[in-house]
Structures are given as C-alpha cells and as structure tokens.
There are 2 protein chains.
Amino acid sequence: MLSSSIAASVVQALAVRELRLTANRRAVLAALEHGQRPLTTEEVAVASSVPVSTVYRNLAELVEAGIVARVAGASGGDRHELAEAFSEHHHHHLVCIECGIVTDFTPSAQLERLIEKEVGALPDRVGFEVTHHVFDVRGRCRDCTRT
Amino acid sequence: MLSSSIAASVVQALAVRELRLTANRRAVLAALEHGQRPLTTEEVAVASSVPVSTVYRNLAELVEAGIVARVAGASGGDRHELAEAFSEHHHHHLVCIECGIVTDFTPSAQLERLIEKEVGALPDRVGFEVTHHVFDVRGRCRDCTRT
DNA sequence: ATCGCTTTGAGAACGATTCTCATTCACAGT
DNA sequence: ACTGTGAATGAGAATCGTTCTCAAAGCGAT
C-alpha cells in the first residue's frame with residue numbers, strides 16, 4: 001500500500017498535469033516505495049501486478065511529473081525510484097556492473113556541499129542550465145565479488 | 001588516423017584478451033579520439049565508415065578491454081569515449097536532457113580529492129568493490145535553453 | 001444518469017542491439 | 001612466400017525493451 005503521507009503530495013503533483021491518482025498508479029508507486037532499490041520497469045510490473053504497457057506509460061508520466069526519478073543502471077533497462085521530494089533523503093547510487101543491481105548510499109555532507117557549490121557555478125561558467133546531478137559509483141557488489 | 005602514441009598501449013591492452021588491432025578497430029578508435037564529445041554507436045559507424053554490426057561488436061570488446069568507456073546519455077543510445085588511461089585527463093560530463101548531447105567538463109581538484117577519499121572508503125564500509133565513479137550533471141545545454 | 005475526458009490493456013509497431021554464419025583476414029610457423 | 005588456425009568481418013535475421021494504437025472502461029462534474 002502507498003503510504004498516505006506520500007499520497008497527499010503525489011495527488012497535488014499529479015493534479016498540476018491533470019493526471020489522476022488511479023489504482024494502477026498507486027500500485028506502481030507503492031512498488032517503488034517499498035522496493036529496497038531502484039526497480040526496472042519489468043520489476044515494477046511484476047511487483048504491482050499492473051500490465052507492462054501501463055507501467056511504461058505510468059512511469060513516464062510520473063517521471064514527467066517529477067514524482068519518480070529514472071536511474072541509469074549498468075545495462076538492460078533503466079531503473080526507477082521515488083523522487084527525492086517524495087522519499088526519505090538525498091542519496092546516490094552504487095551500480096553493480098556485473099548484475100546491474102543498484103543500491104543507495106549517502107555521501108558525507110561535506111562532499112554534498114562541495115558538489116552543490118561546484119554545480120551551482122556551471123550556468124555562469126559554461127551556459128549550462130543544471131537540473132540535477134548524478135554521482136554514481138560503479139563496481140562489483142558484495143554478491144558479485146564472491147565469484 | 002589513430003595517433004601512434006595511443007596505438008602502442010591499445011595493442012597491449014588488446015593482446016591481453018587475444019584481440020588484434022585491426023583496421024576496423026583502428027577506425028573506431030580514431031573516431032572516438034577525434035570526436036569532440038562522447039559518440040553514439042551510430043555516430044561512430046558513420047564517422048569510421050565501419051558497418052554498424054561491426055561497430056557494436058568492436059565497441060563492446062573495447063569497453064570490455066577497458067580501452068573505451070561507455071557514457072550514459074540522456075536517452076536514445078549510450079555514448080562512448082576513449083577510457084581515461086588513453087585520453088587526456090580525468091573529466092566528467094554535462095548531459096543535455098533535451099538533445100542528448102554530452103560534453104566534458106573538469107571539476108575542481110578539491111572536489112576530485114574529496115570524491116576519491118569518499119569513494120575509497122566504500123569497500124570497507126559496504127563491501128562494494130569500486131571500479132570507477134560517475135559524476136554527471138544533467139540539464140539543458142546552451143543551445144537548448146534558447147528555445 | 002449523462003457527458004467529456006482520462007485511463008486502461010492487448011497487441012502491433014518500432015528501433016536499438018545482439019546473434020548467426022559463411023567468408024575473409026592476420027599472424028605464427030614452416 | 002605458403003599454409004594452417006583462430007580471430008574478425010558484414011549482411012541480414014532474430015531479439016528485446018519501449019512506444020504506439022485504439023476500442024473499451026473509469027472517474028468527476030453537472
């Protein structure tokens with residue numbers, strides 16, 4: 001079930017785009033909320049029991065509405081998670097280049113501050129309008145190093 | 001033409017995997033070396049005049065051999081560039097979410113140091129074997145902000 | 001209950017990537 | 001140079017993830 005605290009703000013964000021919080025979208029969001037990690041479209045479809053074509057469409061709409069964030073996996077399909085405004089806190093990703101699994105991690109506040117500062121200077125420096133940054137670490141996860 | 005300075009080390013890296021530096025692979029690498037930015041598979045095929053199926057295969061092998069790096073674009077096809085060991089220097093990317101173009105930028109040494117430190121601690125902290133990190137900034141490039 | 005609009009779902013369509021396999025090529029040994 | 005062996009090639013088929021299509025169903029307001 002989608003937690004009601006999230007539901008409220010989701011409804012608002014959807015309303016802006018004249019989208020409704022239907023049972024399917026609820027199920028998709030609930031899957032993302034309870035998933036331990038960013039999920040592929042396929043995983044969302046299975047976890048939510050919503051047909052794939054609808055999951056594709058819903059995820060696209062939710063990303064568009066800023067409720068869901070797309071995470072670049074190692075290969076084979078993008079992954080999705082609740083956008084930061086709708087989940088716990090700012091974090092980054094550990095991407096396993098072997099099995100493709102993506103897990104979260106939170107870097108130090110110091111690093112975060114420095115990144116913000118650096119990124120904030122880009123518009124003036126190179127005329128690039130920043131929407132967000134990605135700081136991912138790639139390598140082999142605990143399971144895959146056991147082989 | 002692929003610069004001879006690179007060619008030498010490429011041959012070595014290829015030899016480890018029993019791969020040869022053929023005319024096609026030369027052309028693919030030359031395209032990446034002279035491209036101003038990370039290129040899509042299609043762009044490499046055109047620039048090098050090598051058939052797409054061969055470009056796909058060659059890029060995969062070169063990535064596998066650590067000679068080429070895959071860069072996650074905004075959408076529509078991954079992009080490729082020479083791996084850092086074979087190109088000028090360490091850098092990161094500005095990815096335009098509008099047109100998909102990827103350009104390079106170099107963050108401050110201070111940020112780089114802090115990232116290294118943080119990333120270096122991960123193996124002990126969470127049992128993740130780090131191969132490299134990705135620090136990309138997403139937004140709209142100069143051209144796309146003009147619309 | 002009715003109207004107008006959004007949403008849905010099954011399958012078709014599409015595009016990027018991978019696979020297949022007969023042919024060609026590169027290098028090592030002679 | 002000549003030959004043998006495994007690597008590399010290329011054209012098209014096959015595959016896989018994603019998007020599109022369209023008729024049917026759902027939701028909210030009147």
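Letters A, B, ... mirror the listed sequences (proteins, then strands); counts begin at 1. The basis for the numbers below is simple: all heavy atoms, side chains too, and nothing from hydrogens, waters or symmetry mates.
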When rounded to whole Å, the CG to C1' distance for the pair A:Asn24 and D:dA24 reads 15 Å
From CZ of A:Arg57 across to P of C:dT6 the rounded distance in Å is 13 Å
To the nearest angstrom, the CG-C1' distance between B:Asp78 and C:dT18 comes to 14 Å
* To do: With the side chain counted from C-beta on, respond yes when A:Thr145 and B:Phe128 share a heavy-atom pair under 4.5 Å apart, and no when they do not.
  => no
Would you classify A:Thr22 as touching base, sugar-phosphate or nothing, given that sugar-phosphate means primed atoms plus P, OP1 and OP2, and contacts are heavy atoms under 4.0 Å?
sugar-phosphate
The residue among B:Asp104, B:Val134, B:Val102 that forms side chain to side chain contact (heavy atoms under 4.5 Å, CB included) with B:Val71 is B:Val102
Between A:Leu21 and B:Arg70, whichever has its closest DNA chain C nucleotide further toward 5' is A:Leu21
Notebook entry, point to check: So what does B:Glu18 touch, heavy atoms closer than 4.0 Å: a base, only the sugar-phosphate, or nothing?
Noted result: sugar-phosphate
Rounded to whole Å, CG of B:Leu19 lies from C1' of C:dC25 at a distance of 15 Å
For a quick test of reading the model: is some side-chain N or O of A:Thr54 closer than 4.0 Å to OP1 or OP2 of C:dG9? yes
Atom OH of A:Tyr56 and atom P of C:dG9 are separated, to the nearest Å, by 16 Å
Exercise. Give a yes or no answer on whether the side chain of B:Arg26 reaches the backbone of B:Met1 with a donor-acceptor pair at less than 3.5 Å.
Key: no
In whole angstroms, the gap separating C1' of C:dA16 from CD of B:Glu42 amounts to 9 Å
Taken to the nearest whole Å, CG/B:Asn58 to C1'/D:dA7 is 11 Å
Do the ring centers of B:His90 and B:His133 come within less than 6.0 Å of each other?
yes
Assign each of B:Val50 and A:Arg20 the nucleotide of DNA chain D bearing its closest heavy atom; nearer the 5' end lies the nucleotide of B:Val50
A:Glu61 CD to D:dT18 C1', in whole Å, measures 15 Å
